[in-house]
Amino acid sequence: MPLEAPARIVSELTSRGYNAEREAVTRLASANNPQATLERVVEELPDDALVVRTEHVESALEAIESGTDVPNGSPSHPAVDERESAPADGSNTFVSTGGETAGSPAADGTDPVETKGVESIERSVDPELRSLEIDGDMTGESTGTGEYEDFVSVFRDRLERLGSKLRGRVNHRPASAIENMAGGSEVAMVGLVNDIRSTASGHWLIELEDATGTFPWLVMKDREYVDLVDQLLCDEVLAMQGTLADDSGIAFVDSMYFPDVPRTHEPSTADRHVQAALISDVHVGSQEFMAEAWNRFTDWLHTKQAQHVEYLLIAGDMVEGVGVYPDQDEELDIVDIYEQYEAFNERLKQVPGDLEIVMIPGNHDAVRLAEPQPGFDEELREIMSAHDPRIVSNPSTVTIEGVSVLMYHGVSLDEVIAELPEEKANYDEPHKAMYQLLKKRHVAPQFGGHTRLAPEEQDYLVMEDVPDIFHTGHVHKLGFGKYHNVLAINSGCWQAQTDFQKSVNIDPDAGYAPIVDLDTLDVTVQKFS
Ligand code: D5M
Ligand code: FE
Ligand code: ZN
């Protein structure tokens, strides 16, 4: 796995269950071979260590330098954001609402139009025309107790529902039946990826699990599917088809099928010209919260230019929270979590009262960290009630005027970006990581790393229906594009670069508001920073 960017180091460590001191990450990133050094650090960590500290890295570096096992490999590059290519896959354009050429940091390197104050207008809204429905909100529906049985049922539900999207496509057999079939037979199986290993001879062994047991599938290193193996995540559901070995103990993969979004998917659109602003990661309470950009944004919402913006969707991290990351308190502007939500409520009051607001929590918010995350509790709803927002779980699907928007905060994106090859998923093109989730039809396939899973009777993280728009945040990067006609948008943030982000060279896209035309699914990026 490429490990140039410090952010990847953090992701890699987190996926192995460790937090890291900033300095430790910086040292790792500047090592001659960050990957090998990281492996060494992890190897030498005391069993009970939860945090990778600078001294751990130093001692690993010393051991490497003095030892015989100097890691080979090329020196690391400084992690610099390179934003050269348009993310939009040709299907979306960055359009200026200001009449000048606009772009986004992700589009062509030119800055979008700076929005100037324009006189305030009343939005001519006919409430009759509006429609807003919520699906998949699990607030108040949580049944999980965290017991082993709940994990069994959530994975059973995942396999059942995603498997049903695959069973019509292959002549599948249960794992337990396959081992009794004659060697050389054609076989297929629908299962959850239980394990992915490379063999000594460079082939790949993938263990699939279904309700009856597990069966090993071998992808030969010279097959075109090797490329797909790089994109697999543990616990995702797929189908494999192939030929049984002579002793029926293993099958050789001929083809793989993903639940995926059908290529022919045709998104629904609104019947009139109406727009939605898709934002996330406001981080009120952080010293880096960009109050001025937010003021410009909310002022703009009052102008004629924004008269068609009737919906505001916020995909999590309303506030900075308390104790989310090590040393976070050094950068807090408001240290009390309730006061942070009160301040956020004041920020919502700046939004014109005739906009509909829908919001889900993120990992900085005061709800459980494990996903699905229920919507805020009564006390917090009360605090945030000034604008009467619709508060739902992470994830949830909101259908506005016929257009379904799957809102998910995006913690799993760190995982997808850490695990998959650079060209398939990276921080500069967050929408590409979103494509992977769409292909797997699950917002957080891999369990046990970054993404904490709260086991429930049903898997709320499955994408049962294909959304028209998939909206995430969390990685603080703006990017969008279409995957099989589904518009994927990661919406940037309202928090300037934090010390931690600086130390790991995360350059956030802060102070942008992507605006979606619900009648065409075109995107316009407004810049307020
Ligand atoms: O995280 C914003 C992005 O930055 C997301 O990709 C995780 C990463 N991040 C930020 N701070 C940390 C620390 N301290 N450790 C690991 N990863 C981090 P957000 O959670 O939305 O602030
Ligand atoms: Fe955030
Ligand atoms: Zn987040």
Side-chain angles (χ1 to χ4, degrees), residues 5-26 28-29 38 50-53 79 81 279-290 314-332 340 344 359-371 373 394-395 407-419 425-431 433-434 443-444 449-452 471-479 490-512:
R8 281 176 203 289
I9 294 175
V10 171
S11 296
E12 172 92 353
L13 288 171
T14 317
S15 73
R16 297 180 190 202
Y18 300 108
N19 277 323
E21 286 181 354
R22 293 171 202 186
E23 185 59 24
V25 174
T26 315
L28 270 173
L38 182 146
L50 293 173
V51 179
V52 173
R53 304 196 182 283
D81 269 341
I279 64 164
S280 70
D281 298 271
V282 191
H283 290 264
V284 169
S286 159
Q287 285 168 11
E288 283 80 17
F289 166 63
M290 297 168 71
I314 315 179
D317 286 358
M318 311 300 146
V319 301
E320 174 64 6
V322 175
V324 182
Y325 290 124
D327 296 333
Q328 184 204 20
D329 49 331
E330 288 165 20
E331 289 185 74
L332 285 183
Q340 290 184 1
F344 176 69
M359 49 200 223
I360 62 169
N363 58 312
H364 283 252
D365 286 301
V367 301
R368 78 172 182 205
L369 203 50
E371 298 175 8
Q373 297 180 285
N394 169 37
M407 297 176 69
Y408 168 63
H409 178 59
V411 169
S412 69
L413 295 173
D414 282 330
E415 192 120 47
V416 173
I417 291 170
E419 296 279 335
N426 61 73
Y427 282 105
D428 287 336
E429 298 167 303
H431 51 287
M434 299 172 75
V443 300
H450 279 266
T451 330
R452 285 164 231 214
H471 175 204
T472 60
H474 181 63
V475 294
H476 293 203
K477 284 291 199 180
L478 174 66
N490 192 289
S491 52
C493 63
W494 298 85
Q495 182 185 38
Q497 195 181 44
T498 62
D499 278 354
F500 170 83
Q501 290 166 348
K502 196 169 183 184
S503 73
V504 297
N505 280 320
I506 296 176
D507 182 17
D509 292 327
Y512 296 89

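Predicted model only: the values in this text are computed from it and were never measured. Read the numbers this way: they start at 1 and go in the same order the structure lists the ligands and their atoms.
With 3.5 Å as the limit, one finds no donor-acceptor pair spanning the side chains of Asn394 and His409. Using modelled atom types, one finds a donor on one side chain and an acceptor on the other under 3.5 Å when comparing Glu320 with Gln495. Using a 3.5 Å distance cut-off with no hydrogens or angles, the side chains of Thr451 and Glu415 do pair a donor with an acceptor. In this structure, a donor-acceptor pair under 3.5 Å is present between the side chains of Tyr427 and Asp414.
Contacts between Gln328 and ligand 1 below 4.0 angstrom, taking non-hydrogen atoms only, are absent altogether.
Considering every non-hydrogen atom in both Ala433 and Val416, the closest pair reads CB-CG1, 3.9 Å. Nearest heavy-atom pair across Thr472 and Gly410 is CB-CA, 4.4 Å. Closest heavy-atom contact between Asn490 and Leu413: ND2-CD1, 3.4 Å. Closest of all the heavy-atom pairs between Ala315 and Gly473 is CB-N, 4.5 Å.
When the side-chain hydrogen bond (donor to acceptor under 3.5 Å, both in side chains) test is applied to Ser280, the partners found at least two apart in sequence or on another chain are Ser491. Partners of His364 under the ring pair (Phe, Tyr, Trp, His ring centres under 6.0 Å) rule, at least two apart in sequence or in another chain, are His283, Tyr325.
Interface atoms of ligand 1 facing Ile506, defined by a heavy-atom separation under 4.0 Å, are 4 (O). When each atom of ligand 1 is checked for a heavy atom of Asp317 under 4.0 Å away, the hits are 19 (P), 21 (O). Those atoms of ligand 1 with a heavy atom of Asp281 less than 4.0 angstrom away are 21 (O).
Not a single heavy atom of Gln495 sits under 4.0 Å from any atom of ligand 1.
Between Tyr408 and the choices Glu371, His471, Gln373, the side-chain hydrogen bond (donor to acceptor under 3.5 Å, both in side chains) rule is met once, by Glu371.
Closest heavy-atom approach to atom 6 (O) of ligand 1 within the set Asp414, Val411, Val324: this belongs to Asp414. The closest heavy-atom contact to atom 5 (C) of ligand 1, among the options His476, His474, Lys477, comes from His474.
In this structure the side chain of Asp499 reaches within 4.5 angstrom of the side chain of Glu331, judged on heavy atoms. With a 4.5 Å cut-off on side-chain heavy atoms, Gln340 and Leu332 count as touching.
Protein N/O/S atoms nearer than 2.8 Å to the Fe ion (ligand 2) total 4.
Of the polar atoms of Asn363, at least one N or O is found under 3.5 Å from an N or O of ligand 1, judged by distance alone. Here's the thing with Gln501: none of its N/O atoms is less than 3.5 angstrom from an N/O atom of ligand 1.
At a cut-off of 2.8 Å, measuring from the Zn ion (ligand 3), the protein N, O or S atoms that fall short of it are Asp317 OD2, Asn363 OD1, His409 NE2, His474 ND1, waters left aside.
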(message) I'd like to know whether Val282 forms a side chain to side chain contact (heavy atoms under 4.5 Å, CB included) with Ile314, so could you lay out the CA-CA distance, the side-chain angles of the two residues, the decisive distance to 0.1 Å, and finally the verdict.
(response) CA-CA 8 Å; Val282 191; Ile314 315 179; 4.1 Å; yes

